[in-house]
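As structure tokens, the structure follows; a few thoughts come after it.
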Protein chains: 2
Amino acid sequence: MSPVLPLPVTESDHDNCAATGILRLVGQKWTVVLLALLAEQPYGFNELDRTIHGVSRRILTRTLRHLEQENLISRVRTPQRAEYTLTDAGRTLLPLIIALGEWAADHHTRRP
Amino acid sequence: MSPVLPLPVTESDHDNCAATGILRLVGQKWTVVLLALLAEQPYGFNELDRTIHGVSRRILTRTLRHLEQENLISRVRTPQRAEYTLTDAGRTLLPLIIALGEWAADHHTRRP
DNA sequence: CTGTATCCTAGCGGATACTG
DNA sequence: CAGTATCCGCTAGGATACAG
């Protein structure tokens, strides 16, 4: 009898649901790419800017801030350097994203 | 040595990555709610419109179309009735979304 | 080097009236 | 009942110049 997903259906409930925040965050364009990079090593700002081809500095900044607000990454600012690192919480999210990626690979509905 | 996530870093690669499509789809506002409802039983259009409080008919239509394009749901149109049903592929996605929801519940960074 | 400020476009999401 | 048409605001995303 219990619903498959414990999910609300009214709008206010929707906005208060814990899942929606993270879901809409990972749905943003560069979130997964950033997490993937930071999973291997810390990065500086320009380092990320150069490594990720196609992102603008503005969006890069904002996406990093969002990730920081959700405690997925941490930022340590020193003169001439900002170091972005994946947090433990961020690390626990990786397997879920990997699983989603694998699912997508299996079910990739290629539309021409 | 292999990267944690097999993810590209250029923009063209980004757009061709199978994961991005599904990620950006589930990141949309009503996707998860729809999947959750259809997981339990088929629904008609107005039935969904009435059950989900806060969605507009336009967005409801578009979200359903997106889900249909990704083969997560199927639509059977008969006179006076459109029946939306979760596909097998859609059903395999549920555990992943549930896992994400649980992750969010555990790490819900409530920012006031 | 690490951002912010400014300006722009496109698409999401919404409200509502109308059509088959 | 099941949508579409039309309108609108907001925000994601981008380009680029400037600032600390």
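Since the model is a prediction, treat every value here as computed from it, not as a measurement. Letters A, B, ... are given to chains in the order of the sequence lines, protein chains preceding strands, and every chain is numbered from 1.
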Protein-nucleotide distance (B:His66, atom NE2; D:dG3, atom P), rounded to Å: 15 Å
Under-4.0 Å side-chain N/O to phosphate OP1/OP2 contact, A:Tyr84 with C:dG3: yes
Ionic contact status for B:Arg65 with B:Glu70, cut-off 4.0 Å: no
Side-chain (A:Glu47) to main-chain (A:Gly44) donor-acceptor, under 3.5 angstrom: yes
N/O (side chain, B:Arg50) to phosphate O (OP1/OP2, D:dC1) under 4.0 Å: yes
Donor/acceptor link under 3.5 angstrom from B:Arg58 side chain onto base of D:dG3: no
Gap between atoms CG and P, on B:Asp49 and C:dA15 respectively (whole Å): 11 Å
Rounded distance in Å - CD (B:Glu83) to P (D:dC1): 15 Å
Whole angstrom value for the distance that separates P of C:dC1 from OH of A:Tyr43: 16 Å
Separation of D:dG3 P from B:Leu48 CG (nearest whole Å): 10 Å
Reference residue B:Leu25; test side chain to side chain contact (heavy atoms under 4.5 Å, CB included); the match among B:Val32, B:Thr31, B:Thr63, B:Leu93: B:Thr31
Separation of atom CZ in B:Arg24 from atom P in C:dA10, rounded to whole Å: 16 Å
Candidates C:dC1, D:dG3, D:dG14 - which lies nearest the side chain of A:Asn46: C:dC1
Phosphate contact (D:dA2 OP1 or OP2) by B:Gln80 side-chain N/O below 4.0 Å: no
Comparing B:Arg62 and A:Arg81 on DNA chain C - which has the more 5′ nearest nucleotide: A:Arg81
SB check B:Glu68 B:Arg62 (cutoff 4.0 Å): no
Short side-chain N/O contact to C:dT4 OP1/OP2 from A:Arg65, under 4.0 Å: yes
Integer-rounded Å distance: D:dG3 P and B:Leu60 CG: 9 Å
d(NZ, A:Lys29; P, C:dG11) in whole Å: 11 Å
Min side-chain heavy-atom separation B:Leu100-A:Leu100 under 4.5 Å: yes
First of A:Gln28 and A:Arg77 reached from the 5' end of DNA chain D, by closest nucleotide: A:Gln28
Selected nucleotide, minimal atom distance to B:Trp30 side chain, candidates C:dG14, D:dG14, D:dT4: C:dG14
Side chain of A:Ser56 - closest among D:dA2, D:dG14, C:dG14: D:dG14
